[in-house]
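Here the structure is laid out as structure tokens; the discussion comes afterwards.
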Amino acid sequence: MKRICIVFFSLMYTIAYGQHLADPQTLENPKSNSFILLGDPQSYTKYDINQPILELTTAWIAHNLNALNIKGVLCTGDLVEQNDNISMNRKMTNQTSREMWESSSRSFKRLDNKVPYIVSLGNHDYGYTKSENGNTHFPTYFPFERNSTWRDHLVANFPNREQRATIENAAFEFKLDNWDPILVVTTEFHPRDEVLEWCRSLTDNPTYSKHKVIFMTHAYLTNGPKAKHLDHHPYKIHPGNNGQQVWEKLVSKSNNIQLVICGHTADGNGKFEDNVSYRIDRNENGQQVHQMMFNVQTLGGGWEGNGGDGWLRILEFFPDGKTIGIRTYSPLFGISPSTKHLSERKEAYDKFKFELK
């Protein structure tokens, strides 16, 4: 009987406290909420040896849902390197498209029915290798029904390029303590005019006109400290709008889009500052719009490296209802006592705060 009691209380301790982490993370303010931002995962999924790193990041998120008060997960897209291809270029991948989609799906499965995740599909998620057309396997691997938490947050969606009802163009509502309601709106890669018009009608709708809007799209800013709005589009997919056009047609004209998040651009030189960017512009009403690019796929060894060293961002929404804190963290380094001293970036472009109005 004594042995049974010991086993029981040991089990209850494990359930209550979980695994001891080498580098446990906490919020600066315990009353804050957070979102987790993942950069383009394509270089994780394109090599079988890299795929466990993406699974590690989503497992880490699932493990920290309570500790970090995580309300949602944001991903900048390019879930795969090639959407629909079996002819592998061995210099850049050893996985077929099906294997890449299965890897991505398997990683995000750790979050299903636990937390909503929102993906802004990228150029590599369409066509054959990179957006030769508007076909995508995303709806097959990520049907709306797979994650029950989406039902609590999805408030609107718009048909994709194949005229299918998916979450490629979708809006999700979140309610955080002490914050005005937050609306996260995501779009397809190189969004069509009708998609931008749908976004505008949504953000201007009286139902959401008082919301703080986070707008996500895959390609919007260039990389590096002198970030600009993308003004070119080398892909065959059409019609659509580049970053500069998205700014002109939607973001600059909307009263309540206060934060834009994107991925896509990155530099393979191994310098972290060339794989991220941030800028502030004023919209037509003179209000500040914060814009952030995060895509670290070339860190960890370049384009054919390990996929990004597990780097992600913790977006802390402070209980003052206006301040967002950005921290750049890697569960890959944080999981071991030997490397946890490398797990958090400390440069000004890695760790900063800004206020929404």
Side-chain angles (χ1 to χ4, degrees), residues 35 37 72 74 76-77 118-123 134 153-161 167-174 179-223 226-233 235 237-265 277-294 315 317 321-322 324 354-357:
F35 285 77
L37 175 60
L74 312 175
T76 58
I118 303 170
V119 181
S120 294
L121 289 199
N123 48 296
H153 296 275
L154 181 74
V155 294
N157 70 297
F158 189 85
N160 72 355
R161 290 179 181 270
I167 53 173
E168 293 164 61
N169 302 302
F172 299 81
E173 185 181 41
F174 296 87
W179 279 76
D180 291 333
I182 293 172
L183 191 70
V184 179
V185 182
T186 186
T187 72
E188 65 197 25
F189 172 64
H190 200 53
R192 294 161 287 158
D193 279 346
E194 52 263 45
V195 173
L196 298 184
E197 291 166 4
W198 167 76
C199 292
R200 180 76 188 280
S201 66
L202 188 66
T203 59
D204 288 350
N205 187 300
T207 303
Y208 306 111
S209 60
K210 301 299 182 182
H211 285 48
K212 287 180 167 59
V213 178
I214 299 173
F215 176 73
M216 291 178 54
T217 195
H218 179 69
Y220 178 77
L221 287 183
T222 60
N223 57 291
K226 297 182 180 180
K228 299 179 181 179
H229 295 125
L230 283 169
D231 60 1
H232 66 284
H233 182 67
Y235 304 102
I237 193 171
H238 67 278
N241 291 277
N242 59 35
Q244 181 63 34
Q245 293 166 324
V246 171
W247 166 260
E248 294 171 353
K249 296 180 180 181
L250 173 66
V251 180
S252 68
K253 296 182 181 300
S254 296
N255 293 326
N256 51 356
I257 294 180
Q258 298 193 41
L259 173 61
V260 181
I261 295 175
C262 68
H264 185 62
T265 50
S277 65
Y278 175 80
R279 65 177 286 157
I280 300 173
D281 291 288
R282 292 190 179 275
N283 64 20
E284 292 183 1
N285 290 322
Q287 299 167 323
Q288 287 188 339
V289 182
H290 302 268
Q291 299 149 91
M292 178 170 63
M293 188 277 286
F294 182 71
L315 280 60
F317 286 66
K322 61 181 181 180
I324 298 178
F354 56 86
E355 293 184 359
L356 304 185
K357 301 301 182 182

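Because only heavy atoms are used, hydrogens play no part in the values below, and waters and symmetry mates are left out as well, while side chains stay in. Just so you know, residue 1 is the first one in the sequence shown, and it goes up from there.
With values rounded to the nearest 0.5 angstrom, Leu250 atom CG is found 10.5 Å from Trp198 atom CH2. Residue Leu196 holds its CG atom at 10.0 Å from CZ of Phe158, rounded to the nearest 0.5 Å. Separation of atoms CG (Leu121) and OG1 (Thr76) is listed at 11.0 Å; rounding is to 0.5 Å. Between Glu194 atom CD and Ser201 atom OG the span is 12.0 Å, to the nearest 0.5 Å.
Side chains of Leu221 and His229 form a contact here, defined as non-hydrogen atoms less than 4.5 Å apart. Residues Val251 and Asn283 form no side-chain contact, since every pair of their non-hydrogen atoms from C-beta on lies 4.5 Å or further apart.
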*Would you sort out whether Leu315 and Phe317 count as a side-chain contact (heavy atoms from CB on, under 4.5 Å), showing the intermediate values?*
CA-CA 6 Å; Leu315 280 60; Phe317 286 66; 4.0 Å; yes
*asked:* What verdict does the side-chain contact (heavy atoms from CB on, under 4.5 Å) test give for His233 and His238, after you've listed the backbone C-alpha separation in whole Å, the side-chain angles of each residue and the deciding distance to 0.1 Å?
replied: CA-CA 10 Å; His233 182 67; His238 67 278; over 6 Å; no
*Quick one: do Phe174 and Phe35 satisfy ring pair (Phe, Tyr, Trp, His ring centres under 6.0 Å)? Show the steps, please.*
CA-CA 11 Å; Phe174 296 87; Phe35 285 77; 5.0 Å; yes
*asked:* side-chain contact (heavy atoms from CB on, under 4.5 Å) for Val213 and Ser254? Distances and angles first, verdict last.
replied: CA-CA 9 Å; Val213 178; Ser254 296; over 6 Å; no
*Applying side-chain contact (heavy atoms from CB on, under 4.5 Å), run through Met293 and Asn223 and close with a yes or a no.*
CA-CA 7 Å; Met293 188 277 286; Asn223 57 291; 3.3 Å; yes
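Applying the side-chain contact (heavy atoms from CB on, under 4.5 Å) rule to Asn157 yields the partners Ala165, Ala170; only residues at least two apart in sequence or on another chain are considered. Looking at residues two or more places apart in sequence or on another chain, you find a salt bridge (charged side-chain N to carboxylate O under 4.0 Å, His left out) between Glu284 and Lys253. The side chain to side chain donor-acceptor pair (under 3.5 Å) search around Asn169 returns Glu188, not counting sequence neighbours. Applying the side chain to side chain donor-acceptor pair (under 3.5 Å) criterion to Gln258, with sequence neighbours excluded, gives no partner residue. For His264, the side chain to side chain donor-acceptor pair (under 3.5 Å) criterion is met by Asn123, His218, not counting sequence neighbours. Lys226 meets the salt bridge (charged side-chain N to carboxylate O under 4.0 Å, His left out) test with no other residue; sequence neighbours excluded. Looking at residues two or more places apart in sequence or on another chain, you find no side chain to side chain donor-acceptor pair (under 3.5 Å) involving His153. Taking Glu173 as the reference, Val155, Lys175, Pro181, Leu183, Tyr208, His211 meet the side-chain contact (heavy atoms from CB on, under 4.5 Å) condition, with sequence neighbours excluded. Looking at residues two or more places apart in sequence or on another chain, you find a side-chain contact (heavy atoms from CB on, under 4.5 Å) between Asp180 and Lys212. Not counting sequence neighbours, Asp231 has no partner by the salt bridge (charged side-chain N to carboxylate O under 4.0 Å, His left out) test. Applying the side-chain contact (heavy atoms from CB on, under 4.5 Å) rule to Pro239 yields the partners Arg161, Arg192; only residues at least two apart in sequence or on another chain are considered.
Between the side chains of Thr265 and Thr222, no donor-acceptor pair of N or O atoms lies under 3.5 Å.
Closest approach of Gln244 and Asn242 over heavy atoms only: N-OD1, 3.2 Å. For Asn256 against Ser209, the heavy-atom pair with the smallest separation is ND2-O, 3.4 Å. In this structure, Ala156 and Leu202 approach most closely via the heavy-atom pair CB-CD1, 3.9 Å.
Put simply, the side chain of Gln291 gets close to the backbone of Val289: a donor and an acceptor are under 3.5 Å apart. Ser120 places no side-chain N or O within 3.5 Å of a backbone atom of Thr186 that could act as its donor or acceptor partner. A donor-acceptor pair under 3.5 Å links the side-chain atoms of Asn205 to the main chain of Thr207, judged by distance alone.
Annotation: salt bridge (charged side-chain N to carboxylate O under 4.0 Å, His left out) contacts involving residues 199-208, sequence neighbours excluded, comprise Arg200-Asp204.
Ring geometry for His290 versus Tyr278: interplanar angle under 30°, hence parallel rather than tilted (30 to 60°).
Sparse packing is recorded around NZ of Lys322, with 12 or fewer heavy atoms of other residues, nucleotides or ligands lying under 6.0 Å away.
Aromatic pair Tyr220/Phe215: centroids not less than 6.0 angstrom apart.
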